[in-house]
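Worksheet: one structure, shown below.
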Amino acid sequence: MSFYPFQFKAPVTRQHMGKELYYTVVVLPADLEPHLPFDRFPRLRVEGEVDGVPIEGTFMPGGGYFYLMTPRKLLKKLGKEVGDEVKVEFGVADQDAVHMPPELAEALGDAPDLAEIWNSWTPGKRRGYAHRVTSAKAAATKARRVAEILDLLAG
């Protein structure tokens, strides 16, 4: 029995973004759509698992359907590729949650005036900048990106 309230199986497909650019995705079955709050959140953040591997993602609108990106790194971990079926189990996540990288949280803790500006930004904007820090591999790159964000907040 699944811990998550929603589950489905679907093949990994390509979501084309031009002639040669595409993302690998799974499409949400239409019969699940009425049970989810797409009317309030057209880009619905979810937490769950794909074939048992934990994920955090977003169901995005795709012209009459919703899809969840399945990055190459995830597919490699699963040993899956386009056309293979995966089991997706998920629940609706807190739509306002922002996972703060420790480096950025510490810097904002030392600058309450900048933290106030940070907190005035939308959750999506804060998530984007937080991701910019967490996506860096080297500590020096993370520190540089935190400094860039602080400069942006100060400006």
Side-chain angles (χ1 to χ4, degrees), residues 1-105 107-108 114-138 141-142 145-146 148-149 152-153:
M1 175 148 188
S2 175
F3 168 78
Y4 298 101
F6 302 101
Q7 60 182 334
F8 65 92
K9 290 183 179 180
V12 175
T13 62
R14 289 184 174 152
Q15 175 71 25
H16 289 276
M17 308 304 276
K19 273 187 173 180
E20 297 179 27
L21 179 64
Y22 67 88
Y23 298 111
T24 51
V25 303
V26 290
V27 174
L28 181 73
D31 64 331
L32 285 179
E33 288 179 29
H35 303 286
L36 296 165
F38 287 116
D39 56 331
R40 291 179 309 174
F41 307 106
R43 290 179 173 85
L44 184 66
R45 297 185 68 240
V46 297
E47 296 172 333
E49 297 177 353
V50 175
D51 277 358
V53 175
I55 56 113
E56 290 181 1
T58 304
F59 277 105
M60 304 289 289
Y65 57 92
F66 293 89
Y67 63 87
L68 177 70
M69 289 192 207
T70 53
R72 277 183 264 192
K73 187 176 181 179
L74 172 64
L75 293 177
K76 184 176 181 179
K77 190 175 202 174
L78 296 172
K80 302 281 184 168
E81 55 189 46
V82 171
D84 291 342
E85 186 175 80
V86 293
K87 182 178 182 181
V88 180
E89 301 175 87
F90 70 96
V92 176
D94 178 355
Q95 301 301 298
D96 292 333
V98 178
H99 298 290
M100 287 286 286
E103 301 86 352
L104 182 57
L108 290 173
L114 299 182
E116 187 175 331
I117 296 167
W118 169 265
N119 289 326
S120 73
W121 286 359
T122 65
K125 186 173 183 177
R126 285 183 279 149
R127 272 192 297 276
Y129 281 100
H131 176 72
R132 181 155 165 66
V133 175
T134 58
S135 65
K137 293 178 184 170
T141 305
K142 287 183 182 199
R145 290 180 181 178
V146 167
E148 289 168 358
I149 293 168
L152 179 64
L153 289 165

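None of the values given here were measured: they were computed from a predicted structure. The first residue in the sequence is number 1, and the count goes up from there.
- Rounded to the nearest 0.5 angstrom, S120 OG and K125 NZ are separated by 8.0 Å.
- Aromatic rings of Y4 and F90 (six-membered ring for Trp) have centroids beyond the 6.0 Å cut-off, not under it.
- Side-chain contact between L28 and F8 is present, with heavy atoms from C-beta onward closer than 4.5 Å.
- In this structure, L74 CG and L68 CG are separated by 8.5 Å, a value rounded to the nearest 0.5 Å.
- Closest of all the heavy-atom pairs between R126 and W121 is NE-O, 3.1 Å.
- Within 6.0 Å of CD in E116 there are 12 or fewer heavy atoms belonging to other residues, nucleotides or ligands.
- The side chain to side chain contact (heavy atoms under 4.5 Å, CB included) test applied to M100 returns V98, L104, A105, L108, W118, not counting sequence neighbours.
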Worked check of side chain to side chain donor-acceptor pair (under 3.5 Å) between R127 and T122:
CA-CA 9 Å; R127 272 192 297 276; T122 65; over 6 Å; no
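- Annotation: the span from Y67 atom OH to Q15 atom CD amounts to 4.5 Å, rounded to 0.5 Å.
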Could you go through the side chain to side chain contact (heavy atoms under 4.5 Å, CB included) check for E33 and F66 one step at a time?
CA-CA 8 Å; E33 288 179 29; F66 293 89; 3.7 Å; yes
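- Within the model, atoms CG of L32 and CD of Q7 stand 9.5 Å from one another, a figure rounded to the nearest 0.5 Å.
- Heavy-atom contacts from other residues, nucleotides or ligands closer than 6.0 Å to NE2 of H131 number 12 or fewer.
- Side-chain contact between L44 and T58 is absent, with no heavy-atom pair separated by less than 4.5 Å.
- The side-chain hydrogen bond (donor to acceptor under 3.5 Å, both in side chains) pairs that include a residue from residues 38-49 number zero, where partners must be two or more places apart or lie in different chains.
- Taking the side chain as every heavy atom from C-beta outward, V133 and E103 approach each other to under 4.5 Å.
- What you find for P37 and V92 is that their closest heavy atoms are CD-CG2, 4.2 Å.
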Go through it in stages, so that I can follow the logic: the residues are K137 and T141, the test is side chain to side chain contact (heavy atoms under 4.5 Å, CB included), and I'd like the CA-CA distance, side-chain angles, deciding distance and then a yes or no.
CA-CA 7 Å; K137 293 178 184 170; T141 305; over 6 Å; no
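- Side-chain atoms of Q95 come within 3.5 Å of backbone N or O of A93 as a donor-acceptor pair.
- Taking the six-membered ring for Trp and the full ring otherwise, the centers of F59 and F41 sit at least 6.0 Å from each other.
- Between T24 and R72, the shortest heavy-atom distance links the atoms OG1-N, 4.5 Å.
- Summarising the geometry of D84 relative to G79, their closest heavy-atom pair is OD2-O, 4.2 Å, with the distance given to 0.1 Å.
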Residue pair L36, F6: steps toward the side chain to side chain contact (heavy atoms under 4.5 Å, CB included) verdict
CA-CA 10 Å; L36 296 165; F6 302 101; 3.5 Å; yes
What's the verdict on side chain to side chain contact (heavy atoms under 4.5 Å, CB included) for V25 and V12, showing C-alpha distance, side-chain angles and the deciding distance?
CA-CA 6 Å; V25 303; V12 175; over 6 Å; no
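- Atom NZ of K80 sits about 11.5 Å away from atom OG1 of T70, to the nearest 0.5 Å.
- The minimum heavy-atom distance linking R132 with E148 is given by the pair NH2-OE1, 3.0 Å.
- Looking at D51, its side chain never comes within 3.5 Å of a backbone N or O of V86 through a donor-acceptor pair.
- Of all heavy-atom pairs between I149 and Y129, the closest is CD1-O, 3.6 Å.
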